[in-house]
Structures are given as C-alpha cells and as structure tokens.
Amino acid sequence: MTREQLTGQIKARARALGFHGVGVTDARPLQEDEARYHRWLRQRWAADLRYMQTSAPVRAHPMRVWPEARTILVLAVNYYSGDFDPLPPGHGRIARYAWGRDYHDIIPPRLRQLVAEMERLLGHSVRARWFTDAGPLLERALARRAGLGRIGWNACLITETFGSWVFLSEILLDVELVPDQEETRTCLSVFACRRCCPTGAIASDGLVDARLCLSYHTIENRGVIPQPLRPQLGDWLFGCDICQAVCPHNARVPLTDWPEFHPEAGVGKTLALADVLAIASEEEFRARFRGTALRRAKRRGLLRNAAIVAANTGYDDVIPQLRCLAREDPDEIVRGHALWALHVLDPVRSRPLLERARRDPHPFVRQEAELALERESAGEATAAPADPRITRDAP
Ligand code: SF4
C-alpha cells in the first residue's frame, strides 16, 4: 500500500468512527505559534494557569512531547447541539461544550479504536500517543497546519462546516503519512467576538487575556473572582461561549450526531441556582456531576459562581441559602462570595452578617465585609453598573 493510500484509508476509518474532521501534519516545531504563545505568557495573560507555563518549552515541539513522533493526526468532533431556550428564573447558563457528557471521557476510546484499526490496516503494531485537549501541545495551531480550519480572533479553531463548535484531539504516530495543506486563510474578521465579549478579553492581535475571560474565571479559577468582573458574569454559571455564539462562521452549523454531547445526556443547558447552592460537600458535588465537564470547577467554584449569578439576576429566593453559606460554609471562597451576593440582593438586612464577617477567621472574607461596609457608608452600590468594559489593567 502506498503512503497516499494508507493516509486515505486512515482518514476514511476516522470518519467511519464518527470524527467530523481529520487532518494530517508532520512533527516539525510550530515556530510562529510558539512566538505568539510566549508573548501571551510574558504578558501574564495565562493568569494562574501554571501548566501553561510549565509546559511552555514543549508545546510547540511535538517531538519533545514524544521523540518518536513522525506524523500527527488531528481530529475534530462537532459538539454543537443547539441554542439556549429562554432562561428559566433562578437558573444559570452552562457553556455549550459542557451540556452533555465530558469529552475527556467520551473521545479517547474512539482514538484507541482508530489506532487499533491502523494496526489492522498495516498488519503490525503502531506506536502512538493520543490526547484530547489535555495534552501539552498547541493543538489549535496543529489543527490549522493539518488543514482542519483557521484560527479566529477569539483564538478558537474554526472549521468550514462546524465552525468553532469542535473538540480537538491529536494522535502522534511513528508512521509517515502524507500531510495535508496548511490552512492559511484568516477568519472573516468582522470582530463580532471582540465587540461582544462582555469583559473586553480579546485583544486586537487575537490573543485572549485569561485574566478577563469569564470562561477562565468560572471554570479554571478556583479562588476569588475580582469584584469588577463579578457583574460581567451575568447569568453564566459555568463557562461562557458568547464569542463563539456571535461568530458568523458558527451560523447554520449542523447538530452533532454524537448523542453523548446532547444536553439530555449530561447536565443540560442550565442549572437551578438553588440546587447548586444546596450542594453540601465535595462528595455530593462529585456524585452530582460525575462524567460531566462541570466537575472541573469543584464545589467551591460552582457555588461561588451560583452566588454571583443569583446577585446578577436579582434572584432573591436564594437569600436564606446565601445567609447560611455566608455564616457557616467551611470554604472561605464560598463564604466570601455568598456575602458579596447577599449585600447586592439585600443590602439592609445583610448588615449584621457583614459586621459578624469582620471577625471571620479568613482575611478574604474579612476584606469582602470591609469593602461592602465601606461602599455602604459611601452610598455606593456593590454591583458595578450595567456594562462597564473592564480595562485590561484592572484585575
Ligand atoms: S469566552 Fe466569554 S469572556 Fe472569554 S473571550 Fe469569549 S466572550 Fe469573552
């Protein structure tokens, strides 16, 4: 079998296994992308994503990740499963990628199957390494070089048919295949993502400042969400996909045929804030969100987000729950954000709790209480006005 025939057959098998896009590139370093990545790190726009720093020396160098790598198969799976319905009262929104089951669990078995199919095709064993999102590689840059799509201003990979609603995976192989033509086009550059990002996180050079990105804060940041950003969360309980939803490349994308990524298979499109705020322990949280992407936020992150969304949406039904959390929750991040939310929702009656929180054992909670009391004596509202763009230097 020629290399061209082998490449064609592997791609056909990948499509038969349900992958919507498959491209091939070699294992050369990604020099230009590496320069951009290092600029992003130098600007401190990776926030506290430490693994982005520690993996920096290898990210653009597939052969440093695995020296035997000769070819990289880049695979895309469409996860688009529709739009939001009108938000029920007292609910928070979940980014689309997390509606169904966790792709980290769902996709790797098919990658393993694809490698097994390659072995059958070749008649001998194949050495391979595969990753779904979690690998130390610049996967969107690899996908662009493998011809799968272009990179948008919001830094997402945009495919021709499925827009940016795709999960990417890579298989590093010690087999030589025929590389695809690199995608050199840019996105339509209408800047809808930049205009609509609620925090101004997308810079004019297409780099995204994670310190301002709601997706970063609601998922990866497990600590304090800076006060100026809290109102910008709006009703986003987990993630944010505004910059994808407004992208013209994402109009008219077909629904995914992977039932695992439909909302019925996982947590769904929204969650009731009262249910989230009632989760009493990490064990209960893990049991509730097993097999979904939401487990990444941990209990403290999701309850913190729910408190902020309740405040932003004026959902005062949860005031009794917030009072309990502000007074008694063992986690200071939950106590502090519950206190902030209470002060937004019920400034007068939250005063005794704020006074009490001045003696909280944790400095973060004491600081939240002091700031709220200071604002009150200055006659200012706790929540920021409706849509002030956060400046890049703010946090
Ligand atoms: S995910 Fe949300 S906050 Fe982050 S860049 Fe996109 S629109 Fe902005």
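For the single chain, residues carry numbers from 1 onward in sequence order. Numbering of ligands and ligand atoms starts at 1, following listing order.
With side-chain heavy atoms closer than 4.5 Å counting as contact, directly or through intermediates, the hydrophobic cluster containing Trp153 also holds Phe191. Taking a 4.5 Å side-chain heavy-atom cut-off between Ile, Leu, Val, Met, Phe, Trp and Tyr, the cluster of Val190 extends to Leu188.
For the 3.5 Å distance criterion, the side chains of Asp257 and His20 qualify, holding a donor opposite an acceptor. A donor and an acceptor atom, one from each side chain of Glu117 and Gln9, are nowhere located under 3.5 Å apart.
Under 2.8 Å from atom 8 (Fe) of ligand 1, one finds the following protein N/O/S atoms: Cys197 SG.
Hydrophobic clustering keeps Ile158 apart from Phe162 (ILVMFWY residues linked when any side-chain heavy atoms are closer than 4.5 Å, directly or through intermediates).
Taking Arg358 as the reference, Glu355, Ala369, Glu370, Leu373 meet the side chain to side chain contact (heavy atoms under 4.5 Å, CB included) condition, with sequence neighbours excluded.
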